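Okay, structure first, notes after.
All figures in this text were calculated on a predicted structure; none of them were measured in a lab. In what follows, every chain begins at residue 1, and chains take the letters A, B, ... in the order their sequences are listed.
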Amino acid sequence: MRIATWNVNSLRARLERVTTWLADAQPDVCCLQETKCDDEAFPVMAFSALGYECAFHGGNGRWNGVAILSRAGLEDERAGFSGALGADGDEARLLTARCGGILVSSLYVPNGRAVGSEHYAAKLAWLQRLRQELVSSCDAAQPLALCGDFNIAPEDRDVWDINQFAGATHVSAPERRELQSLLDWGLVDAVRRLRPDEDGPFSWWDYRAGAFHKGWGMRIDLVLVTRPLESRLQSAYVDREARKKGIKAVTQPSDHAPVVVDLVDLVD
DNA sequence: ATGGTAGCCCTGCTA
């Protein structure tokens, strides 16, 4: 079972790159973030042609938007936190579905903008709401994967130069504590678990100043799994090729690269 | 050269 997560920064602008990548990387489940796509405009046909079922939660279409593509089954989909649809503040940052025996969430944590701002407070509150959701509605003894753009670099080695981040979001202690509190519930950072001794690998690079080619990136796109999936972890990689412009490409790449995690298949 | 880029949409906002 191959699970991927990718912040595509507009699905409409990136559709050909996404379908090309799917055909090449062949994930069984692919979580997307920042689709910026209204539900009625979601390109279902482009994905069904590749064998994927789609779940999508598009909000207002201008910002945010999350989706799950699956060719391993797609059931019990629910948008937002439990309770009313849109209980994530109608911001379209959370979508959950059952795919091949795994409860998969595609999530897009608020950026936070600046430490101390109201947006930063909202980021912390959103993470606390997610933790509450796990405690009240989920079972850490069951197969579950939280996949998405967490907008948090878990450790100092998950950014290119920690000295550049003094006082900045993504590395501040309070948001890292919130991430740790998710892990304490019963989750493991899959890529870090499989690659304990290396820095990164980064999954995001700023569009500006040639950051990608200078290696100025961060590891903020994560796959967090419960223990039953930790025991099935096989390998993981970040597809940096998908972050490159490409010689013939008409459209720009996303500023994020896909994160891919392979699980050992269960034998019946 | 106090910068840079990308995507959305009303020329600014968000990342």
Separation of dG4(B) atom P from Trp216(A) atom CH2, nearest Å, is 14 Å
Between Ser203(A) and Asp221(A), a side-chain donor and acceptor under 3.5 Å
yes
Any residue meeting side chain to side chain contact (heavy atoms under 4.5 Å, CB included) with Ala257(A), in chain and number order, not counting sequence neighbours
Trp205(A), Val238(A), Arg243(A)
Between dG4(B) and dA15(B) - C1' atom distance, rounded Å:
14 Å
Regarding Glu34(A) and Asn7(A), do their side chains bring together a donor and an acceptor under 3.5 Å, going by distance alone?
yes
Checking Glu53(A) now: which residues fulfil side chain to side chain contact (heavy atoms under 4.5 Å, CB included) with it, not counting sequence neighbours?
Leu74(A)
Evaluate the ring planes of Phe42(A) and Phe47(A), with Trp represented by its six-membered ring, and classify them as parallel (under 30°), tilted (30 to 60°) or perpendicular (over 60°).
tilted
I'd like the P distance from dC8(B) over to dT2(B), given in whole Å.
29 Å
Length of the line joining Leu11(A):CG and dA6(B):C1', which is rounded to integer Å
16 Å
Summarise how protein sits on nucleotides 9-15 of chain B as a single string, 5' to 3': B when a protein heavy atom is under 4.0 Å from the base, S for sugar-phosphate-only contact, - for no contact.
S----SB
I'd like the C1' distance from dG7(B) over to dT11(B), given in whole Å.
15 Å
Using whole Å, report how far CD of Glu16(A) lies from P of dG7(B).
14 Å
When you compare dT14(B) with dC9(B), how far apart are their P atoms, in angstrom units rounded to a whole number?
15 Å
Is a donor from one side chain sitting under 3.5 angstrom from an acceptor on the other, for Thr226(A) and Gln142(A)?
no
